[in-house]
Amino acid sequence: MSRSTQNHAFNALRFLYGNVLRRPLSEIDAARARKRPSLPTVLGPEEVERLFRQLDGVTKMVASILYGSGLRLLEALRLRVQDLDFHHRQLRVRAAKGEKQRFTILPQRLEPVLRRHLREVKRQHETDLRLGNGEVYLPHALERKYPNAGKEWCWQYVFPSGQLSTDPRSRRRRRHHLNESTIQKAVKRAVRASGIEGRAGCHTLRHSFATHLLQSGYDIRTVQELLGHSSVKTTMIYTHVLKLGGLAVRSPFDSLLAAPGGEQQPHGEAAWPDIPTSPSGSPDDHES
């Protein structure tokens with residue numbers, strides 16, 4: 001059985017004995033099945049450029065922040081206007097995974113694009129206010145503490161939705177942020193159009209951000225803080241790329257392609273080393 005099936009059955013037994021039979025299995029001799037860590041998919045710089053050439057508009061801005069700042073998709077969509085610090089070139093991530101907050105870098109090339117985008121968002125917000133709307137959701141108890149803060153410019157979403165919607169909790173008509181599926185579908189289409197092989201999506205840009213920083217020589221603790229990882233062990237998974245592709249480890253087969261004088265032979269059939277063969281034409285099977 002798969003690991004998820006095993007854990008599902010394990011949880012069902014614990015619930016049966018603990019909540020139904022009232023006989024908790026406190027000393028059960030069993031261990032949960034652990035999921036094997038999977039290596040992240042990483043795009044090369046040339047592939048990232050091809051991907052961005054297939055994007056435009058707001059979708060390209062969101063994708064640029066995912067790759068340029070290392071944000072998760074929902075972290076980027078939940079950005080508020082006051083989270084953009086152009087003076088210090090940094091982003092404040094409030095609704096991060098695990099209800100944590102952190103600061104990360106804001107790409108300098110995005111500053112003029114984001115400023116133009118914010119001017120358009122502000123005009124839209126002013127129109128909403130004139131029509132009696134212009135309110136956004138506030139986290140935690142801020143809405144009760146500051147009843148009018150939801151209409152202030154600083155709390156507006158950087159990437160608002162194109163239409164108003166009714167909040168299912170408060171039943172108020174508000175302008176939410178963009179739906180994550182809108183960005184995901186656009187990135188998927190761009191991946192296919194750019195000819196990138198393999199599976200790639202929005203989160204691949206975050207993986208590429210971390211890997212490219214490590215390849216540029218930044219220390220792993222700095223990358224850990226930018227990504228918001230609690231443990232450096234989580235960040236170390238990106239070091240797998242640093243050991244591949246000729247960046248660190250050289251294959252012994254490559255040394256066979258060198259000429260006797262130490263010069264590299266030209267690529268092609270002439271660069272292949274001669275493999276000894278037996279009189280019958282098949283490779284020798286003796287040990288050497």
Side-chain angles (χ1 to χ4, degrees), residues 52 55-86 90-104 106-107 110-111 113-191 201-206 209 227-228:
F52 280 122
L55 297 171
D56 57 5
V58 178
T59 304
K60 187 172 185 177
M61 274 188 286
V62 176
S64 300
I65 288 181
L66 300 183
Y67 175 69
S69 305
L71 269 62
R72 302 176 178 91
L73 178 56
L74 271 179
E75 292 175 348
L77 296 180
R78 290 173 178 171
L79 285 173
R80 312 282 180 144
V81 174
Q82 60 182 331
D83 296 333
L84 302 182
D85 188 349
F86 293 109
Q90 64 182 9
L91 291 177
R92 180 174 182 174
V93 184
R94 298 176 182 270
K97 188 176 181 179
E99 292 299 321
K100 294 181 293 185
Q101 297 188 23
R102 74 178 188 277
F103 286 95
T104 185
L106 175 62
L110 285 181
E111 181 176 345
V113 180
L114 287 174
R115 287 186 181 276
R116 289 195 302 267
H117 171 71
L118 289 180
R119 285 196 293 266
E120 297 177 2
V121 174
K122 190 171 185 178
R123 283 196 294 266
Q124 182 186 60
H125 175 59
E126 292 172 350
T127 302
D128 288 343
L129 290 176
R130 287 195 299 268
L131 297 177
N133 298 310
E135 185 181 6
V136 294
Y137 165 77
L138 293 181
H140 309 300
L142 289 176
E143 188 174 5
R144 295 195 303 268
K145 188 174 183 180
Y146 306 105
N148 298 322
K151 294 186 177 182
E152 296 179 2
W153 166 240
C154 62
W155 282 105
Q156 302 302 307
Y157 288 112
V158 176
F159 303 108
S161 173
Q163 58 186 3
L164 299 174
S165 59
T166 301
D167 192 327
R169 290 160 293 192
S170 63
R171 310 307 301 176
R172 294 184 180 180
R173 193 163 176 79
R174 294 169 169 168
R175 189 177 294 277
H176 203 50
H177 59 70
L178 279 175
N179 193 294
E180 56 266 32
S181 64
T182 303
I183 309 299
Q184 290 169 341
K185 293 177 182 178
V187 171
K188 284 291 184 181
R189 289 193 297 266
V191 169
C202 294
H203 209 66
T204 307
L205 296 174
R206 173 176 162 90
F209 164 83
L227 293 176

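Positions are given from 1 along the sequence.
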Just list the side-chain donor-acceptor pairs under 3.5 Å for residues 55-67, sequence neighbours left out, or say none.
from	atom 1	to	atom 2	distance (Å)
Ser64	OG	Lys60	O	2.6
Tyr67	OH	His212	ND1	2.8

Q: Sequence neighbours left out, what passes side-chain contact (heavy atoms from CB on, under 4.5 Å) with Ser165? Give chain and number order.
A: His176

Q) Sequence neighbours excluded, which residues qualify as salt bridge (Lys or Arg N to Asp or Glu O under 4.0 Å) partners of Glu111? A) Arg115

Q) Please, which pairs that meet salt bridge (Lys or Arg N to Asp or Glu O under 4.0 Å) have at least one residue in residues 64-77, sequence neighbours excluded? A) Arg72-Glu75, Glu75-Arg102

Q. Got Ile183 and Phe159 here, is their nearest side-chain heavy-atom distance under 4.5 Å?
A. no

Q. If only atom types and distance count, is the side chain of Ser69 paired as donor or acceptor with the main-chain N or O of Thr104 below 3.5 Å?
A. no

Q) Do Leu71 and Arg206 touch side chain to side chain, with heavy atoms closer than 4.5 Å? A) no

Q: Any chance you could lay out the side chain to side chain contact (heavy atoms under 4.5 Å, CB included) test for Leu106 and Asp85, step after step, and finish with the verdict?
A: CA-CA 8 Å; Leu106 175 62; Asp85 188 349; over 6 Å; no

Q: Could I get the full list of side-chain hydrogen bond (donor to acceptor under 3.5 Å, both in side chains) partners for Gln124, not counting sequence neighbours?
A: none

Q.
How close do Val158 and Pro160 get, counting heavy atoms only, and between which atoms?
A. O-CD, 3.2 Å

**Q.** Pairs involving residues 175-187, ordered by first then second residue, that meet salt bridge (Lys or Arg N to Asp or Glu O under 4.0 Å) (sequence neighbours left out)
**A.** Asp128-Arg175

**Q.** Pairs meeting criterion salt bridge (Lys or Arg N to Asp or Glu O under 4.0 Å) with involvement of residues 146-166, two or more places apart
**A.** none

(Q) According to side-chain hydrogen bond (donor to acceptor under 3.5 Å, both in side chains), who are the partners of Arg130, at least two apart in sequence or on a separate chain? (A) Thr127

Q | Partners passing side-chain contact (heavy atoms from CB on, under 4.5 Å) against Val191 (at least two apart in sequence or in another chain) | A | Leu51, Val187, Ile196, Ala200

Listed pairs under 3.5 Å, donor-acceptor, residues 76-83 side chains, sequence neighbours left out:
from	atom 1	to	atom 2	distance (Å)
Arg80	NH1	Tyr137	O	2.8
Arg80	NH1	Trp155	O	3.0
Arg80	NH2	Tyr137	O	2.8
Arg80	NH2	Tyr157	OH	3.3
Asp83	OD1	Arg94	NE	2.5
Asp83	OD1	Arg94	NH2	3.4
Asp83	OD2	Arg80	N	2.9

**Q.** Trp153 CH2 to Leu129 CG distance, which is reported to the nearest 0.5 Å
**A.** 10.5 Å

Q: Output, in order, the C-alpha distance, side-chain angles, deciding distance and verdict of side chain to side chain contact (heavy atoms under 4.5 Å, CB included) for Leu73 and His203.
A: CA-CA 7 Å; Leu73 178 56; His203 209 66; over 6 Å; no

Q: Working to the nearest 0.5 Å, report the span between CD of Glu99 and NZ of Lys97.
A: 12.5 Å

Q. Of all residues at least two apart in sequence or in a different chain, which pass the salt bridge (Lys or Arg N to Asp or Glu O under 4.0 Å) check with Arg172?
A. Glu135, Glu143

Q) What distance separates Leu91 CG from Leu84 CG, expressed to the nearest 0.5 Å? A) 6.0 Å

(Q) Using every non-hydrogen atom in the two residues, find where Leu138 and Ala149 come nearest and quote the distance to one decimal. (A) CD1-CB, 3.7 Å

**Q.** Residue pairs, two or more places apart or on separate chains, that pass salt bridge (Lys or Arg N to Asp or Glu O under 4.0 Å) and touch residues 158-169
**A.** Asp167-Arg169, Asp167-Arg174

(Q) Please determine whether the number of non-hydrogen atoms from other residues, nucleotides or ligands lying under 6.0 Å from atom OH of Tyr146 exceeds 12. (A) no

